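A short worksheet on the structure shown next.
Only a predicted model underlies this, so the values are computations on that prediction, with no experimental measurement involved. Letters A, B, ... are given to chains in the order of the sequence lines, protein chains preceding strands, and every chain is numbered from 1.
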Protein chains: 2
Amino acid sequence: MTERSVGTTLEGYLTDRDADARVRIRTAAVLLFARQGYAATTIRDLARAINMTNAGIYHHVSSKEALLADLMRAGHRGLIDSTDRMLDGARRPVDRLALLISSLTAIHALNPMLTRVMDGELRSLTPGSTAQDEIIALRDAYEDHWRRALDDGVSAGAFRVTDRRLTRLALMSMCTGTSEWYRPDGDSTLEQVCAEFVAIGLAAVRAPAQAVATCDFSLLPAFPWEPPNV
Amino acid sequence: MTERSVGTTLEGYLTDRDADARVRIRTAAVLLFARQGYAATTIRDLARAINMTNAGIYHHVSSKEALLADLMRAGHRGLIDSTDRMLDGARRPVDRLALLISSLTAIHALNPMLTRVMDGELRSLTPGSTAQDEIIALRDAYEDHWRRALDDGVSAGAFRVTDRRLTRLALMSMCTGTSEWYRPDGDSTLEQVCAEFVAIGLAAVRAPAQAVATCDFSLLPAFPWEPPNV
DNA sequence: GTCTATAGTCAGATAGAC
DNA sequence: GTCTATCTGACTATAGAC
């Protein structure tokens with residue numbers, strides 16, 4: 001990849017939405033980290049995308065790696081917090097599983113760039129650094145929601161599962177893959193995707209097709225720096 | 001990520017397996033591209049991993065990007081060829097779907113590093129280059145196998161599917177995700193993973209649980225440059 | 001808070017000896 | 001076929017003017 005042109009300047013969109021330099025920098029970072037990868041994106045790329053200079057970025061950001069860590073931390077915290085709220089009233093394991101599937105799918109569909117960074121750039125944080133350790137801990141905390149739902153469903157006899165871990169890994173991959181292909185103007189609405197994936201999830205745990213809790217999209221985290229679909 | 005130490009030198013392993021410099025270079029490239037990403041890996045990293053120098057690499061490789069393109073082309077061709085052979089005798093859509101699921105899962109489990117490069121580094125090829133266009137065409141050709149199997153299953157009344165595209169994307173994400181977590185010495189054997197994923201796939205298309213064709217692992221492609229599990 | 005200028009490092013790739 | 005040495009350019013990050 002010899003060229004690094006950004007393709008679209010974010011400046012036109014961003015000025016009338018948010019003048020805060022921190023938000024503009026983070027929006028450009030999510031866009032370019034998702035599109036080109038963290039390692040292939042330079043501070044100068046970010047600066048060019050929002051009509052700043054190299055040095056201007058460093059007034060708001062201590063380092064390129066700290067910027068990545070901030071984005072990933074905020075993303076994972078938003079995911080965990082909204083999942084906590086989402087599952088708050090759900091008692092039946094089948095409802096909790098359905099909410100885990102639909103909310104993880106929706107977050108990946110609605111924030112494709114931030115989630116691609118969250119899911120794919122963990123290796124770009126220095127191994128063993130406190131930043132990387134913190135993100136790993138957050139990811140593990142989120143996965144515990146899935147482990148508990150599947151464990152409880154099996155214990156209660158609501159799920160019949162050969163291998164809980166395999167089932168969890170299969171369903172989570174299905175949900176996170178959404179950020180790679182979902183388009184808001186595409187063939188399927190987000191509601192259709194969630195409904196289909198929940199149906200597959202229930203089939204995977206041998207739960208009968210039934211009415212389950214549906215995801216309240218308004219409870220999902222709102223990330224001010226998820227770039228627009230330009 | 002400030003440090004770029006390779007961690008393990010491949011030289012000890014490689015010398016008694018294959019002295020061909022092309023294979024040694026490609027093995028190191030698959031290992032490091034998968035572990036650190038293409039953009040974060042330098043030609044000097046590759047050289048260090050196999051006790052060569054920077055300039056020595058360039059006697060066997062025309063450029064870093066051509067090396068990546070070669071690996072991706074070989075990987076996709078191996079995937080397509082082995083899938084062709086695998087599906088050769090299978091007529092029933094349910095058998096073809098089962099073979100697509102189990103073979104894609106197995107290739108990702110057995111070649112985790114090459115498949116991570118294949119699935120994640122398409123963006124690192126120059127957009128619009130003939131190399132990138134070629135890989136995209138190969139990927140599309142492979143996906144057609146899935147489209148045909150699902151189409152035929154629906155037409156024949158063997159599958160009941162709300163949305164063929166969503167079903168395909170969900171199942172393919174499930175299979176490809178395997179390269180991120182599978183370990184040969186882990187909790188599940190490859191046979192168990194394939195069986196579980198095939199069961200989920202049949203449930204996803206509302207096909208009754210039944211005996212289906214199983215994947216002949218010996219028909220899978222053998223990549224001489226998939227690194228050992230060091 | 002944004003700029004110009006630059007320090008210090010390292011990248012991909014090549015030349016030419018052996 | 002592998003080496004040493006080097007070119008050219010780009011990178012992260014900082015210093016200091018305004």
If you check the [X] side chain, which of [options] turns out closest?
| X | options | answer |
| --- | --- | --- |
| B:Arg44 | D:dA13, C:dT2, C:dA13 | C:dA13 |
| A:Ala55 | D:dT2, C:dG12, C:dC3 | C:dC3 |
| A:Tyr58 | D:dA13, D:dA15, C:dG12 | D:dA13 |
| B:His60 | C:dT2, D:dA5, D:dG1 | D:dG1 |

Query - From B:Trp146 atom CH2 to B:Thr167 atom OG1, the distance as rounded to the nearest 0.5 Å - result: 10.5 Å
Query raised in the report: Taking all atoms of both residues into account, what is the closest heavy-atom pair of B:Gln132 and B:Leu125, and its distance?
Result: NE2-O, 3.4 Å
Report summary line: Residues A:Glu65 and A:Ser129: closest non-hydrogen pair is OE2-OG, 4.4 Å
Query - Name of the residue among B:Arg73, B:Arg139, B:His76 meeting side-chain hydrogen bond (donor to acceptor under 3.5 Å, both in side chains) with B:Glu134 - result: B:Arg73
Output the rounded distance in Å from [atom1] ([X]) to [atom2] ([N]).
| X | N | atom1 | atom2 | value |
| --- | --- | --- | --- | --- |
| A:Asp45 | D:dA13 | CG | P | 14 Å |
| B:His59 | D:dC3 | NE2 | C1' | 12 Å |
| A:Arg22 | C:dG1 | CZ | P | 11 Å |
| B:Ile57 | D:dT2 | CD1 | P | 9 Å |
| B:Leu32 | C:dA11 | CG | P | 13 Å |
| B:Ile50 | D:dG1 | CD1 | P | 14 Å |
| B:Lys64 | C:dA13 | NZ | P | 8 Å |
| A:Met52 | C:dT2 | CE | P | 4 Å |

Query raised in the report: Does OP1 or OP2 of D:dT2 have a side-chain N or O of B:Thr53 closer than 4.0 Å?
Result: no
